[in-house]
S.K.: 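Please find one structure pasted underneath; my questions will follow.
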Amino acid sequence: QVQLAESGGGSAQAGGSLTLSCILSHYAGAYEATYCMGWFRQAPAKEREGVAGIGRQGDNTYYADSVKGRFTISRDDGKNTLYLQMNDLTPEDSGTYYCAAVVCAYYADPRRQPNEYTAWGQGTQVTVSS
């Protein structure tokens with residue numbers, strides 16, 4: 001019913017920046033709804049970890065301590081697009097980044113565990129070199 005597609009991944013040097021995008025598309029059978037969304041990442045041999053989350057309100061956001069102050073999550077509902085602006089990248093930021101979505105209430109908590117999301121994208125690779 002819902003399809004997510006990430007883009008914008010690639011290679012960057014430490015201290016550089018990348019912007020990831022995630023487009024949410026509705027297909028036949030989907031009901032009219034508004035979604036909370038989030039970004040997760042997974043490095044080789046590591047578990048998927050939450051990076052940032054956002055509620056239906058653009059200023060209702062959550063960031064993992066490791067990215068706070070460097071990453072910014074935002075959404076453009078007119079374009080059905082979620083963004084992750086990543087600045088001051090480090091090699092530890094490398095991994096596959098996934099966007100996720102779940103139907104939520106207006107004041108829903110933007111921090112969620114992976115199993116709380118119902119739709120996921122295929123991922124986009126981010127590689128940061130030192």
Side-chain angles (χ1 to χ4, degrees):
Q1 302 94 319
V2 175
Q3 185 74 39
L4 301 178
E6 304 96 338
S7 63
S11 298
Q13 294 184 345
S17 299
L18 287 173
T19 300
L20 306 183
S21 299
C22 172
I23 299 177
L24 183 150
S25 300
H26 291 94
Y27 290 82
Y31 54 89
E32 196 70 23
T34 302
Y35 295 86
C36 290
M37 303 184 74
W39 288 99
F40 293 78
R41 67 187 181 191
Q42 187 167 19
K46 292 187 177 181
E47 296 183 354
R48 188 171 300 186
E49 63 176 341
V51 175
I54 189 167
R56 291 171 59 178
Q57 315 94 288
D59 60 352
N60 184 21
T61 58
Y62 162 80
Y63 297 95
D65 290 341
S66 60
V67 307
K68 191 173 299 182
R70 299 188 298 118
F71 291 10
T72 301
I73 186 171
S74 62
R75 63 190 299 161
D76 186 337
D77 292 332
K79 299 180 180 179
N80 294 322
T81 302
L82 174 74
Y83 302 96
L84 184 67
Q85 177 65 49
M86 305 186 294
N87 298 324
D88 300 319
L89 288 165
T90 72
E92 288 71 33
D93 295 318
S94 298
T96 302
Y97 282 70
Y98 302 88
C99 63
V102 63
V103 175
C104 67
Y106 188 73
Y107 296 107
D109 191 343
R111 182 178 183 178
R112 285 181 171 79
Q113 298 298 315
N115 60 11
E116 297 182 80
Y117 288 97
T118 58
W120 291 83
Q122 294 295 314
T124 185
Q125 189 72 32
V126 171
T127 303
V128 183
S129 301
S130 61

S.K.: In Å, rounded to the nearest 0.5 Å, how long is the span from CD1 of Ile54 to CG of Asn60?
M.R.: 8.0 Å

S.K.: Out of curiosity, Asp88 CG to Phe71 CZ, how far, rounded to the nearest 0.5 Å?
M.R.: 9.0 Å

S.K.: Kindly indicate whether the side chain of Thr90, heavy atoms from C-beta on, has any atom under 4.5 Å from the side chain of Arg70.
M.R.: yes

S.K.: Establish, yes or no, whether the cationic atom of Arg48 lies under 6.0 Å from the six-membered ring centre of Tyr98 and within 45° of the ring axis.
M.R.: yes

S.K.: Treating Thr124 as the side-chain partner and Gly9 as the backbone partner, does any N or O pair qualify as donor plus acceptor under 3.5 Å?
M.R.: yes

S.K.: Which heavy-atom pair separates Ser94 from Ala43 by the least distance, and what is that distance?
M.R.: O-CB, 3.9 Å

S.K.: Check salt bridge (charged side-chain N to carboxylate O under 4.0 Å, His left out) between Asp77 and all other residues, then give those that pass, not counting sequence neighbours.
M.R.: Arg75

S.K.: Does a sphere of radius 6.0 Å around CD in Gln57 hold more than 12 heavy atoms from other residues, nucleotides or ligands, not counting ones at 6.0 Å or beyond?
M.R.: yes

S.K.: Would you mind reporting whether Cys99 and Leu82 have side-chain heavy atoms less than 4.5 Å apart?
M.R.: yes

S.K.: I'd like to check Ser66 versus Glu92 (side-chain heavy atoms, cut-off strictly below 4.5 Å). Are they in contact?
M.R.: no

S.K.: Tell me yes or no: between the side chains of Gln42 and Thr96, is some donor less than 3.5 Å from an acceptor?
M.R.: no

S.K.: Could you check whether any side-chain heavy atom of Val2 comes within less than 4.5 Å of a side-chain heavy atom of Leu24, counting everything from C-beta outward?
M.R.: yes

S.K.: Which pair of non-hydrogen atoms, one from Gly38 and one from Ile73, has the smallest distance, and what is that distance?
M.R.: CA-CD1, 4.4 Å

S.K.: Which pair of non-hydrogen atoms, one from Val126 and one from Asp93, has the smallest distance, and what is that distance?
M.R.: CG1-O, 4.2 Å

S.K.: Does the side chain of Met86 come within less than 4.5 Å of Tyr97's, by heavy atoms?
M.R.: yes

S.K.: Who pairs with Phe40 by ring-ring contact (aromatic ring centres under 6.0 Å, His included), at least two apart in sequence or on another chain?
M.R.: Tyr117, Trp120

S.K.: Please report the shortest heavy-atom distance between Ala64 and Gly50, naming the atom on each side.
M.R.: CB-O, 3.5 Å

S.K.: Is the shortest side-chain heavy-atom distance between Leu20 and Trp39 below 4.5 Å?
M.R.: yes

S.K.: Side chains of Ser74 and Gln85, heavy atoms from C-beta outward: is any pair under 4.5 Å?
M.R.: no

S.K.: Does Glu6 form a side-chain contact (heavy atoms from CB on, under 4.5 Å) with Leu84? I'd like the steps, not just the answer.
M.R.: CA-CA 10 Å; Glu6 304 96 338; Leu84 184 67; over 6 Å; no

S.K.: Using every non-hydrogen atom in the two residues, find where Met37 and Cys22 come nearest and quote the distance to one decimal.
M.R.: CE-SG, 4.1 Å

S.K.: Around atom CD of Gln125, are there more than 12 heavy atoms of other residues, nucleotides or ligands at under 6.0 Å?
M.R.: yes

S.K.: Classify the side-chain pair Asp76/Thr81 by whether it contains a donor and acceptor separated by less than 3.5 Å.
M.R.: no

S.K.: For residues 105-114, tabulate all N or O donor-acceptor pairs below 3.5 Å that involve a side-chain atom, not counting sequence neighbours.
M.R.:
unit_1 : atom_1 : unit_2 : atom_2 : d
Asp109 : OD1    : Arg111 : N      : 3.0
Arg111 : NE     : Tyr62  : OH     : 3.4
Arg112 : NH1    : Asp109 : O      : 2.6

S.K.: Rounded to the nearest 0.5 Å, what's the gap from CG on Leu18 to CG on Leu89? Could you check?
M.R.: 5.5 Å

